[in-house]
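For reference, positions follow the sequence shown, starting with 1. The structure presented is a predicted model; accordingly, all values stated were derived computationally and were not measured.
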Amino acid sequence: MSNTATAPLPPVQDDEIEHVALDEDYVLTASFVEKVVDASDAGDGLKLRSLLEDLHPADVADLMGFLTSEHRAVVVLWLPPDLLADTLPELDDGIREEVLERVPHLTLAEALQELDSDDAAAVVEDLEDDQREKVLAAMPEVDRAAIESSLGYEEDSAGRLMQREVMAAPQFWNVGDTIDHIRKQGEELPELFFDIYVVDPLNKPVGGVAISRLLRAPRVTPLTEIMDPVNEITVDQDQEEVAYIFEKYHLISAPVTDAAGRLVGQITVDDIVNVLQEENREDILRLAGVSDEDRGSNVAEIVRGRVPWLAINLATAVLGASVIGWFEATIQEIVALAILMPIVSAIGGNAGTQALTVTVRALATRELNSSNAPRTFWRELAVGLANGMVLAPLIGIATALWFRDEDWRIGLVIAAAMVLNLLVAATVGVLTPLTLSKLKFDPAVSSAVFVTATTDFFGFLIFLGLATIVLT
């Protein structure tokens, strides 16, 4: 693999190249992707460079998701270093690992120097050990130390999430001192910052000044007169806790402090948006019993993630089926019960999933805790009862008319079973995630399996049990 592929190239004169590659919904057009594929197949690096150079890094990352591994291997070689640097943090994890294997370590070291320390650390983290050593060795000592320091913190912690580039000012400065300092720093400043943190002689933050407020104040104004209190984040806080703080207090940025309370970095809102999206994505996948998959996942990885949960579902399905076996004689005597059983279990399962989803979401956003859990439980129970009172007459009358030649009381049985199973669904839909959360387990991981198994089990038990009592 040659490093010359990333060297500056003369512009291409090609009237057929579309530089407007997005449609009105900010989605890559199929025709543009086809042009990239054709240029890749032809090995036309000049055309690839011209196609890609005007794209936003997020769109380049999106494009990589539409391409095959073979096409990505060609495309990545023709990305300019600055565009490659901005694209790497945007890629899905699986695709990024694949792309990193294709990039020469010197090119990658050059690209990482363009990134903030948090983004650079996220990329380096995905490298194989031998490639990581080569890339870090090729970087300036300051950049290498910043990345190694970030990687020293726990995964999913504020220390790993923060960027070490931060703008701080001593508390004895005024507005003029600060503005002059900012102008002198130039490229040494963070690429993106919203606040200037005022620190004491021990480098502990005592307040923050928004850039907008700084620029409106007279030069002679002391920073201590216009600074506001700051919400400090400690390096060992979990990223979910950090996201909660940002969301609750409507923060744009926040200082990060070490164990001694010294300022060591900052977290900005763009990082938090990524955390929120990642956490929501994980919760949605886990509710369905699916592992963390993306467009770069292969068949083997997907199967390994899904089979365990399908096996658990198989076991719970057998449990539900065993209940049916207990009432084999009743079913043989009244065949209509076999037709109606799935209705009770299906409605119960859907109602349980509704209550479960609302509860898991409330736990994730901290809208639900021990103080209002009883109220939430009784509310969902009331909702389950109300739903039952609405649906039970409908299914009861329909069943009585359908099987009036056999026994109209079947309608009463299924109506009563419907109400009772909806109450069961509401109960397990709320209590299951609450119990798992209390036991320090992720309620999104296995709640759905327990809820479905419970509503199936009790749905069959209640319906067939009532039928046995009333009809035989």
Does the [X] side chain pair with the main chain of [Y], one donor and one acceptor, at a distance under 3.5 Å?
X	Y	answer
Ser50	Lys47	no
Arg219	Val175	no
Gln163	Glu165	yes
Asn421	Val344	yes
Arg213	Ile226	yes
Arg366	Tyr244	no
Asn372	Asn369	yes
Arg164	Ser117	no
Ser40	Val36	no

Only distances under 3.5 Å count here; give the side-chain donor-acceptor pairs of residues 347-354 to other protein atoms, sequence neighbours excluded, each with its distance to 0.1 Å.
residue : atom : partner : partner atom : Å
Asn350  : ND2  : Ala346  : O            : 3.4
Thr353  : OG1  : Gly349  : O            : 2.9

On a heavy-atom basis, which atom in [X] and which in [Y] lie closest, and how many Å separate them?
X	Y	value
Val230	Gly207	CG1-C, 3.6 Å
Glu380	Ala355	OE1-CB, 3.8 Å
Met227	Val206	CE-O, 3.7 Å
Leu112	Val124	CD1-CG2, 3.5 Å

Exercise. Any side-chain donor-acceptor pair under 3.5 Å between Ser157 and Gln239?
Worked result: no
Exercise. With distance as the sole criterion, is a donor-acceptor pair present between the side chains of Asp41 and His71 under 3.5 Å?
Worked result: yes
Exercise. With a 4.0 Å cut-off, would you call Arg160 and Glu125 a salt bridge?
Worked result: yes
Would you tabulate the side-chain donor-acceptor contacts of residues 245-260 under 3.5 Å, counting partners in other chains and residues two or more places apart, or write 'none'?
residue : atom : partner : partner atom : Å
Ser253  : OG   : Asp195  : OD2          : 2.5
Ser253  : OG   : Tyr197  : OH           : 3.0
Asp258  : OD1  : Ala260  : N            : 3.0
Asp258  : OD1  : Gly261  : N            : 3.1
Asp258  : OD1  : Arg262  : N            : 2.8
Asp258  : OD2  : Arg262  : NE           : 3.3
Asp258  : OD2  : Arg262  : NH2          : 3.2

Problem set entry | Neighbour count above 12 (heavy atom, 6.0 Å) for Glu97 CD | yes
